[in-house]
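Each chain gets a letter, A, B and so on, in the order the sequences are listed, and its residues count up from 1.
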2 protein chains.
Amino acid sequence: MITSDRFAELRKLHGPLERDSVVEPAADRLRNLIIEGHLQPGEKVPDDIGKEYLGVARNTQREACRMLVHERLLTQQLNRGFFVRMPTREDVGDVFHVRRLIELQAMRAGFDTAGANRVFEAVEAGEEAKSELDFAGVGTANMRFHRAISALLGSERINTMMSQVLAELRLVFHAMSDAREFYLPYLPRNREIAETLLVKRDAPAAERLLTQYLDDAERQLLDVYPG
Amino acid sequence: MITSDRFAELRKLHGPLERDSVVEPAADRLRNLIIEGHLQPGEKVPDDIGKEYLGVARNTQREACRMLVHERLLTQQLNRGFFVRMPTREDVGDVFHVRRLIELQAMRAGFDTAGANRVFEAVEAGEEAKSELDFAGVGTANMRFHRAISALLGSERINTMMSQVLAELRLVFHAMSDAREFYLPYLPRNREIAETLLVKRDAPAAERLLTQYLDDAERQLLDVYPG
DNA sequence: GATTGTCAAATCGTCCCACAATCCTATACC
DNA sequence: GGTATAGGATTGTGGGACGATTTGACAATC
């Protein structure tokens, strides 16, 4: 259940909302609330977090929610309101389907040093988070790694697709009881993939590694994810 | 410039708006207005088509517009309102980038008879439209063909991505002066691709054909598309 | 004649309130 | 114990208000 205190508290933490347009930043905040798990999958998004946390009117919050519905982070049930999306097992399969399509193809794309750097930065961010036992950070870094990988394709559209798909995947983790350490064993594999592709420049091998990675992650996830 | 008469006229044509939720159907109508070219790229979407054409309040129309911004059909300029998106040349390149990613991969996917049927239905719809000199119909059928192709991948997410990308491509055509007959020469190639893939079952050959198709279409488009 | 400055009208972004439709809950009844 | 029902809460949408911003015209200045 959601209490007003919670949002008053968060609002105090994040400060008031200030920028030119109001809807986008409001949507950003809501998105973060969801991605970081402050709003659990299945949980209702009350109609007036707007006033309490975001400091925007009901209409405005609705616009923001509508955007997040479009991003598959929320669902809307008529006359019942907005809820944090609860991905099904099929959704998980589909997410990995898309990831295979994009990420494996990215292995075959060319790359420049800037792109390679972003990949390695993500790898290192993950390892650093691991050393600090910052599990949320590990998850974020992992997302970043895979976004960096798909960014090698150099398509703005694909980047946003990938961001959305990975955000949706976060919902899956928040819907599981114990997902904290899920990504830990995958960190070394991230590095291996990065080095195979970007240093050794053995794309086919990297593709095989990534295929294994995705297969393993999907299976492991589906093993514990409730229907 | 937009006149009220125009929307009154369209409203009479399309009838009043009726369904459970109101925003989605309103967005659907706006989307059609754009896809069918009644609203030209670059044109402003007045803040109150809502009342005049959609029969919804300003707030509601805003929500609908916001959705279409998310679909890349509209852009929003602060304090100036919503405009039909005007794709750049880079956008065109990126659209084809995504299409290659998806459609070429679809050549390698398996398929069932239902999927194959949808492809051939689209091919035939195109040929029929051609025989009736219905150029708009040819364009629609072509969209349908490529959606059917990418649907072979069997991913809900990819289907919607593809729909969006193709809708965006329509903007490109509406932004050109003379795009009527653009797709005519591509109809036989659609059939050839379909038969190579689904009847002869020569996926590599189909992939080559489709690669050629996409390369040609992109080049031909960029040749005439203004910067 | 071109640039700049000013001002009014139009439009936009947002908030606020109203009200019907719907859902939720708890109480009463069988 | 289960079902019906009434009342309250919440949602979806309409419509208006108001400040902020843009736009376009017109005057002032270089």
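Distances shorter than 4.0 Å separate some side-chain N or O of B:Lys44 from OP1 or OP2 on C:dC12. Contact check, A:Thr60 against C:dC16: no side-chain N or O comes under 4.0 Å of OP1 or OP2. Here A:Arg80 does not reach the OP1 or OP2 of C:dT22: none of its side-chain N or O atoms lies under 4.0 Å away.
In this structure, A:Gln76 places its CD atom 9 Å from C1' of D:dG12, rounding to the nearest Å. When rounded to the nearest whole Å, the span between CG of A:Asp48 and P of D:dT11 equals 7 Å. Summarising the geometry, the separation between CG on A:Leu54 and P on C:dT14 is reported as 13 Å, rounded to the nearest angstrom. The interatomic distance linking A:Asp47 (CG) with C:dC16 (C1') rounds to 14 Å, in whole Å. Atom P of nucleotide D:dT10 and atom CZ of A:Phe82 are separated by 16 Å, given to the nearest angstrom. Straight-line distance from the CD atom of A:Gln77 to the C1' atom of D:dG12: 15 Å, rounded to whole Å. Distance CD (B:Glu63) to P (D:dG12): 9 Å, rounded to an integer number of Å. Atom-to-atom, CG of A:Leu78 to C1' of C:dA21 comes out at 10 Å; the value is rounded to the nearest Å.
Judged by atom type and distance alone, B:Asn59 reaches the base of D:dG15 through a side-chain donor-acceptor pair under 3.5 Å.
Partners of B:Gln164 by side chain to side chain donor-acceptor pair (under 3.5 Å), not counting sequence neighbours: none found. Partners of B:Arg62 by salt bridge (Lys or Arg N to Asp or Glu O under 4.0 Å), not counting sequence neighbours, listed by chain and number: A:Glu63.
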Show me, pair by pair, the donor-acceptor contacts under 3.5 angstrom made by side chains of residues 134-145 of chain B, not counting sequence neighbours?
unit_1   : atom_1 : unit_2   : atom_2 : d
B:Asp134 : OD1    : B:Ala136 : N      : 3.4
B:Asp134 : OD1    : B:Gly137 : N      : 2.9
B:Thr140 : OG1    : B:Ala136 : O      : 3.0
B:Thr140 : OG1    : B:Arg170 : NH2    : 3.0
B:Asn142 : OD1    : B:Asn190 : ND2    : 2.9
B:Asn142 : OD1    : B:Tyr213 : OH     : 3.2
B:Asn142 : ND2    : B:Tyr213 : OH     : 3.4

Under 3.5 Å, sequence neighbours excluded: what are the donor-acceptor pairs made by side chains of residues 114-122 of chain B?
unit_1   : atom_1 : unit_2   : atom_2 : d
B:Asn117 : ND2    : B:Thr113 : O      : 3.3

Which pairs of donor and acceptor atoms, one on a side chain in residues 220-227 of chain B, lie under 3.5 Å apart (sequence neighbours left out)?
unit_1   : atom_1 : unit_2   : atom_2 : d
B:Gln220 : OE1    : B:Tyr186 : OH     : 2.7
B:Tyr225 : OH     : B:Pro87  : O      : 2.6

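Between A:His174 and A:Glu36, the side chains place no donor N or O within less than 3.5 Å of an acceptor N or O (distance only, hydrogens not considered). Using a 3.5 Å distance cut-off with no hydrogens or angles, the side chains of B:Gln76 and B:Arg66 do pair a donor with an acceptor.
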N/O contacts under 3.5 Å, protein versus nucleotides 17-19 of chain D?
unit_1 : atom_1 : unit_2  : atom_2 : d
D:dA17 : N6     : B:Arg58 : NH2    : 3.0

